[in-house]
Enquirer: 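One structure, pasted below without further comment.
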Amino acid sequence: MAVSLDRVRNIGIAAHIDAGKTTVTERILFYTGLSHKIGEVHEGAAVTDWMEQEKERGITIQSAAVTCTWKNHQINIIDTPGHVDFTIEVGRSLRVLDGVVAVFCGVGGVQPQTETVWRQANRYRVPRIMFVNKLDRVGADFFKVVKEANAKLHANAVPMQMPVGESENFRGVIDLLTRTYMTFAEGDHGSTVQVHEIPDELKGKAEELRTHLVEKACELDDHLAEKFLNEEEISVDEIRAAIRKGVIERRITPAFCGAAFKDKAVQPLLDAVVDYLPSPADIPPVTGEIPGTEVVEERKSLPTEPLAGLVFKIATDPFGTLCFVRVYSGVLRSGSYVYNSTKGSKERVSRLVRLHANKREEVAELAAGDIGAIVGLKDIATGDTICDESRKIVLEKIDVPAAVISTSVEPKNKTDYEKLTIALRKMTQEDPSLRFTFDRETGQTVISGMGELHLEIVVDRLRREHKVEATQGKLQVAFKETIQKPVQAEGKFIKQSGGRGQYGHVWIKFEPLERGKGFEFVDEIVGGSIPREFIPAVQKGLLDALNNGILGGYPVVDVCARLYDGSYHDVDSSEMAFQVAASLALKEAMRNGDSCLLEPIMKVEVETPDEYLGDVLGDLNSRRGQIMGMEESHGVQVIHAKVPLSEMFGYSTQLRSMTKGRATYTMEFDSYQKVPKGTQELILSAK
């Protein structure tokens, strides 16, 4: 059944680990009739936690998409992970969603990952509503959590409900807007909502909170403010409309409460999704660049506009590759051809499906505002734009955080090397925050990711899904070598072995280049001291020799080689002889040119609450970090620093323990810089 655009809601359920996101999603699926049995996370039976590792650990690793219906509205839901190591899953989901239900633990309140998710939602300008869960727990306090959200997240949260009863006596909620008291029948998993009069002893408190709610609504709408000042009656619909407008403009966050595990107050949350979160028609048109130009074009969220969609996730399963797509404009039809404007290629859409976690429903088309999946695309990556070939557009790509930790993996069985490469290729296509490279120096395959748990899950998945038994090793930092002063070097290779000999002789000036320039070769031969046909052999000999320096066998970089003289033999000279002569000249230059080690320096950005600023700065300094600057953003301190990669191992664990898990950091490569003398000696002695 096709529904009109204003009746579509694309929402995410996001929160700190263990706040109850997946349990809330399970109840939503049950009440909307999508599942007929409630699956519990602790039993490993949740619909959206379908990976083996998710069932075992009781956590969400991959965001799962489900489509359900509530009061004639189509709700596309993405249940995202809470663990910081899977932050890419949250980020790419927020990129394509129109609204978020932020779930808070009634006891824990604003927890570290809540802050991270909130900051990501700020970055992608996503409207939010709050759901304070677990009010059946001892120590749960709805109003304290709302207060904390305002203090720590600057949420401008306003209670829309009032809980009745505390901890195990939590019975139901009072809807402040409609002045009704709701309880949820226990016999049928809370499916029956019973509406009562507000108990007399709670009326005073409820009215006080309602007045506060009305005042907040009036701040969002001048017309309502005027009515309020004139003491005119303001209708429920007017208040609802003002709050909806405020949510879409991200000026207010309505706060709801309940206990999903005890089947209490999830239906009013569904009503709130419909009432307050935006439809695709409410959000601004998506913008993108026309390929090859800097012209920015808008696409309205209408089926009549040209097709534009963003692939935000790729999942590989036994039946093929699924490409999760958000259609922003136009209509995507099964069997049609689409243009991938990011790669400049054309592909056929063999099938389209709506996803209900690990079940699928085949559909003929996905229209503007829809979220679904394409089966059958071959050359596609996360963040690619698919569009109409006659009206090309490239949408803003998904922000992929830099990998922060690496380890080597080796198959236990040498015959599994090919299987390992194929498996890692599939996994990096699914998860852009995972990277892998083959280190020629050590002969190791190195995987890089978002944290220790992330890499642990990768190795676990290699074993279970791809049947590759792999062992994890310790990573070697990729140091490099260079010279620090200009030097002239001679390379002479003479070999007589009966019959034709070998003769190659070169004089080369070596000069240091600025960082990042790599290698330059300049031919300055005049007068034919070396015949033209041997010049490329000299260059090849140098390039080969650059792979292994004399200090620690690391690659040599940032060197200019000027070939200015040499000699040859009419009979004995050969390409091979000149290659060897060139490599001998480089080795001599490295010995006499004050060689040094270079190390990768990372650009590190740490976001930390004020109270941990001193500890974080002290720790960065102890890691040979250079603080480049600080700023305040959304109530947290952002530290910009440059730190050697070799000092950053174990940093994620250290930062979490130092800040009780409340600080987060990102790290990306900046440049190669000289290693201090004392550190260089330590590195070389450890080799």
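Keep in mind that the numbers below use all heavy atoms, side chains included, and drop hydrogens, waters and symmetry copies.
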Enquirer: Determine, stepwise, if the pair Phe256 / Val132 fulfils side-chain contact (heavy atoms from CB on, under 4.5 Å).
Expert: CA-CA 6 Å; Phe256 300 85; Val132 180; over 6 Å; no
Enquirer: What is the distance from atom OG of Ser345 to atom CD1 of Ile380, rounded to the nearest 0.5 Å?
Expert: 7.0 Å
Enquirer: For Leu352, run the side-chain contact (heavy atoms from CB on, under 4.5 Å) check against Asp370, Val363, Val325, Val375 and tell me which one passes.
Expert: Val363
Enquirer: Got Thr32 and Thr69 here, is their nearest side-chain heavy-atom distance under 4.5 Å?
Expert: no
Enquirer: Could you state the interatomic distance from CG (Leu213) to CG (Leu176), rounded to the nearest 0.5 Å?
Expert: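 Here the rounded value is 6.5 Å.
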Enquirer: Begin with the C-alpha distance, continue with both residues' side-chain angles, and end with the deciding distance and a verdict on side-chain contact (heavy atoms from CB on, under 4.5 Å) for Ile28 and Leu270.
Expert: CA-CA 7 Å; Ile28 287 173; Leu270 276 166; 3.7 Å; yes
Enquirer: What I want to find out is whether Arg354 reaches Glu362 closely enough, with some N-O distance under 4.0 Å, to be called a salt bridge.
Expert: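 So Arg354 does not pair with Glu362 through a salt bridge.
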Enquirer: Below 4.5 Å, heavy atoms only, C-beta onward: do Phe142 and Pro159 meet side chain to side chain?
Expert: yes
Enquirer: When you measure from the side chain of Asn150 to the backbone of Ala157, do you find a donor-acceptor pair of N or O atoms at a distance under 3.5 Å?
Expert: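 Looks like yes, one N/O pair under 3.5 Å.
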Enquirer: How many angstroms lie between atom CD of Glu347 and atom OH of Tyr339, to the nearest 0.5 angstrom?
Expert: 12.0 Å
Enquirer: Can you tell me if Arg128 and Asn122 form a side-chain donor-acceptor pair at under 3.5 Å?
Expert: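 The answer is yes; a qualifying pair exists.
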Enquirer: Checking the side chain of Glu607 only, and the main-chain atoms of Val638 only, is there a donor and an acceptor separated by less than 3.5 Å?
Expert: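 Here the side-chain-to-backbone pair does not exist.
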Enquirer: Search all heavy atoms of Val103 against all heavy atoms of Ile13 and return the closest pair with its distance.
Expert: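 The answer is CG2-CG2, 3.7 Å.
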Enquirer: Considering only heavy atoms from C-beta outward, does the side chain of Leu269 approach that of Ile129 to under 4.5 Å?
Expert: yes
Enquirer: Compare all side-chain heavy atoms of Cys387 with those of Val338 and state whether any distance is below 4.5 angstrom.
Expert: no
Enquirer: Val311 vs Phe324, test: side-chain contact (heavy atoms from CB on, under 4.5 Å). Steps then yes/no.
Expert: CA-CA 6 Å; Val311 174; Phe324 288 65; over 6 Å; no
Enquirer: Would you call Lys343 and Asp384 a salt bridge, taking side-chain N to carboxylate O under 4.0 Å as the test?
Expert: yes
Enquirer: If you take all heavy atoms of Arg244 and Asp275, which pair is closest and at what distance?
Expert: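 Looks like NH1-O, 3.2 Å.
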Enquirer: Is the closest side-chain heavy-atom distance between Pro254 and Val247 below 4.5 Å?
Expert: yes
Enquirer: Does CG in Asn230 sit with more than 12 non-hydrogen atoms of other residues, nucleotides or ligands closer than 6.0 Å?
Expert: yes
Enquirer: Looking only at non-hydrogen atoms, find the nearest pair between Gly369 and Ser301 and report the distance.
Expert: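 For Gly369 and Ser301, the tightest heavy-atom pair comes out as N-OG, 4.1 Å.
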Enquirer: Can you tell me how far the CG atom of Leu377 sits from the OG atom of Ser350, to the nearest 0.5 Å?
Expert: 7.5 Å
Enquirer: Which heavy atom in Val146 sits nearest to a heavy atom in Ala255, and how many Å separate them?
Expert: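 What the structure gives for the nearest pair is CG2-CB, 3.8 Å.
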Enquirer: Between Glu226 and Glu232, does the side-chain contact (heavy atoms from CB on, under 4.5 Å) criterion hold? Intermediate values first, please.
Expert: CA-CA 9 Å; Glu226 207 175 301; Glu232 291 175 39; over 6 Å; no
Enquirer: Salt bridge between Glu233 and Lys227, side-chain N to carboxylate O under 4.0 Å?
Expert: no
Enquirer: Do Gln161 and Asp175 get their side chains close enough for a donor-acceptor pair, meaning under 3.5 Å?
Expert: no
Enquirer: Do side-chain atoms of Ser341 reach the backbone of Ile393 as a donor and acceptor pair under 3.5 angstrom?
Expert: yes
Enquirer: Is there side-chain contact between Lys71 and Asp271, with heavy atoms separated by less than 4.5 Å?
Expert: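 Of all side-chain heavy-atom pairs linking Asp271 with Lys71, at least one is under 4.5 Å.
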Enquirer: When you look at CZ of Arg425, are more than 12 heavy atoms from neighbouring residues, nucleotides or ligands closer to it than 6.0 Å?
Expert: no
Enquirer: If you compare all heavy atoms of Ser329 against all heavy atoms of Pro306, which two are closest, and at what distance to 0.1 Å?
Expert: OG-O, 2.7 Å
Enquirer: Looking just at side-chain N and O atoms, do Asn76 and Thr67 make a donor-acceptor pair shorter than 3.5 Å?
Expert: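 Yes, side-chain donor-acceptor contact under 3.5 Å.
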Enquirer: Please name the pair of heavy atoms, one in Thr253 and one in Ala155, separated by the smallest distance, quoted to 0.1 Å.
Expert: OG1-O, 2.8 Å
Enquirer: Answer yes or no: is there a side-chain heavy-atom contact under 4.5 Å between Pro127 and Val100?
Expert: no
Enquirer: When you measure from the side chain of Ser235 to the backbone N and O of Glu238, does any donor-acceptor pair fall under 3.5 Å?
Expert: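 Checked: pair present.
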Enquirer: When you look at NZ of Lys147, are more than 12 heavy atoms from neighbouring residues, nucleotides or ligands closer to it than 6.0 Å?
Expert: no
Enquirer: Any salt bridge between Arg240 and Asp237, counting N to O under 4.0 Å?
Expert: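 The answer is yes: the pair qualifies as a salt bridge.
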Enquirer: Could you give the distance from CZ (Arg251) to CD1 (Ile243), rounded to the nearest 0.5 Å?
Expert: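 The distance works out to 12.0 Å.
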Enquirer: Kindly confirm or rule out a cation-pi arrangement of Lys346 over Tyr337, judged by NZ or CZ under 6.0 Å from the six-membered ring centre and within 45° of its axis?
Expert: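 Yes, cation above the ring, under 6.0 Å and within 45°.
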Enquirer: Tell me, do Val273 and Val101 make a side-chain contact under 4.5 Å, heavy atoms counted?
Expert: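 SC-SC contact between Val273 and Val101 confirmed.
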Enquirer: Taking Arg326 for the side chain and Leu310 for the main chain, is one N or O donor matched with an acceptor at less than 3.5 Å?
Expert: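 Such a contact is absent between Arg326 side chain and Leu310 backbone.
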Enquirer: For the pair Glu305 (side chain) and Arg299 (backbone), establish whether a donor and an acceptor sit closer than 3.5 Å, ignoring hydrogens and angles.
Expert: no
Enquirer: If we ignore hydrogens and angles and just use 3.5 Å, is the side chain of Arg210 paired with the main-chain N or O of Leu177 as donor and acceptor?
Expert: yes
Enquirer: Looking at CH2 of Trp118 and NZ of Lys152, how far apart are the two atoms once the value is rounded to the nearest 0.5 Å?
Expert: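 That separation rounds to 13.5 Å.
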Enquirer: Regarding Asp98 and Arg9, does a basic nitrogen lie under 4.0 Å from an acidic carboxylate oxygen?
Expert: no
Enquirer: For the backbone of Ala260 and the side chain of Arg27, can you confirm whether one donor and one acceptor N or O come within less than 3.5 Å of each other?
Expert: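 Such a contact is found between Arg27 side chain and Ala260 backbone.
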Enquirer: Taking Glu297 for the side chain and Thr287 for the main chain, is one N or O donor matched with an acceptor at less than 3.5 Å?
Expert: no
